Amino acid sequence: MAYLSAGGRASADTASEAIPDENSVVWTVEGEEIWRFPTTFQSEVQEGADRLRERVDRGFPLSSLRVVERDRQWSLVLGKETILQARSEHSGLLRLPPRTVALFWLSRLYEALGKEHADPLTAKHTLRGAHVARGTVSWYGGDSFVGRRFANGERYQGSELVAAAKSLPFGTLVRIRNLESGRTVVVRIVDRFMEHRGRILDVSKTAAEVLGFKNRGVAQVAVEVIGCVRKVGGH
């Protein structure tokens with residue numbers, strides 16, 4: 001059985017919870033399904049869901065939610081706190097690399113938190129005059145870029161799901177779908193670039209990997225602005 005799910009609405013709109021299912025444990029955030037785990041991981045999934053719910057209650061900047069490698073283990077972290085350590089076994093028979101698993105979590109958390117905690121969209125939150133657009137994206141940010149600062153002041157660490165846009169406000173969440181492969185990812189806008197040769201965004205190397213076009217360099221995509229999130233919870 002494969003545990004990679006496309007995500008979807010769950011039965012309850014709770015900030016973060018682990019819901020036992022017949023053959024899996026479903027981690028949901030704000031009612032959105034983040035991941036289905038084999039039942040053997042119910043305890044650690046519950047602990048991770050509880051940690052995230054506590055942080056939502058206190059509030060945190062979305063930029064502090066990251067995927068990092070510590071002691072050769074990939075984890076989803078909030079600031080210095082580990083929310084959940086990723087394992088290949090979390091993806092069932094697929095046996096995805098831990099880094100890939102954690103990046104799927106991050107993208108889906110951006111989606112779930114963006115729907116619940118985003119500021120209202122305005123005319124500033126548009127690409128080419130609309131909230132939905134099609135065009136070409138490229139990628140940037142190889143190993144030599146690690147340690148440099150984006151235009152919003154954040155420092156590049158190597159595994160961010162982020163992008164550069166001409167004018168979208170920093171903190172804007174954008175869903176990108178590769179029109180050829182069908183792969184999707186949600187990224188945060190943190191940097192600036194000038195549109196050229198029909199390109200509407202520059203995404204991070206990690207986002208290009210998730211979308212499946214890193215080796216090619218560019219991809220035709222559909223882009224949708226979800227919302228602008230700077231702080232989650234804490235109300």
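Worth saying up front: this structure is predicted, and the values here are computed from it rather than measured. Numbers here are sequence positions counted from 1.
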_Holding to side chain to side chain contact (heavy atoms under 4.5 Å, CB included), I want the full list of residues that pass it with D21, two or more places apart in sequence or in another chain._
S24, V26, R36
*Set of side chain to side chain donor-acceptor pair (under 3.5 Å) partners for R148, sequence neighbours left out*: none
*Pairs where residues 206-215 contributes a residue and the test side chain to side chain donor-acceptor pair (under 3.5 Å) is met, not counting sequence neighbours*: R99-T206, R99-E209
*asked:* Once salt bridge (Lys or Arg N to Asp or Glu O under 4.0 Å) is applied, do any residues pair with E47, and if so which ones, sequence neighbours excluded?
replied: none
*Mind checking who shares a hydrophobic cluster with F145, ILVMFWY linked at side-chain heavy-atom distances under 4.5 Å?*
Y140, V146, F150, Y156, V162, V190
*Quick one: side chain to side chain contact (heavy atoms under 4.5 Å, CB included) partners of T184, sequence neighbours excluded?*
R177
*To the nearest 0.5 Å, how far apart are CH2 in W105 and CG in L52?*
11.5 Å
*R66: what forms a salt bridge (Lys or Arg N to Asp or Glu O under 4.0 Å) with it, not counting sequence neighbours?*
none
*Apply side chain to side chain contact (heavy atoms under 4.5 Å, CB included) to T126 and list each qualifying residue two or more places apart in sequence or on a separate chain.*
H131
*Who pairs with R128 by side chain to side chain contact (heavy atoms under 4.5 Å, CB included), at least two apart in sequence or on another chain?*
E195, I200
*asked:* Through direct or indirect side-chain contacts below 4.5 angstrom among Ile, Leu, Val, Met, Phe, Trp and Tyr, which residues connect to V68?
replied: V77
*In chain order, what residues pass the salt bridge (Lys or Arg N to Asp or Glu O under 4.0 Å) check against E154, with sequence neighbours excluded?*
R188
*Using salt bridge (Lys or Arg N to Asp or Glu O under 4.0 Å) as the criterion, list what pairs up with R87, not counting sequence neighbours.*
E44
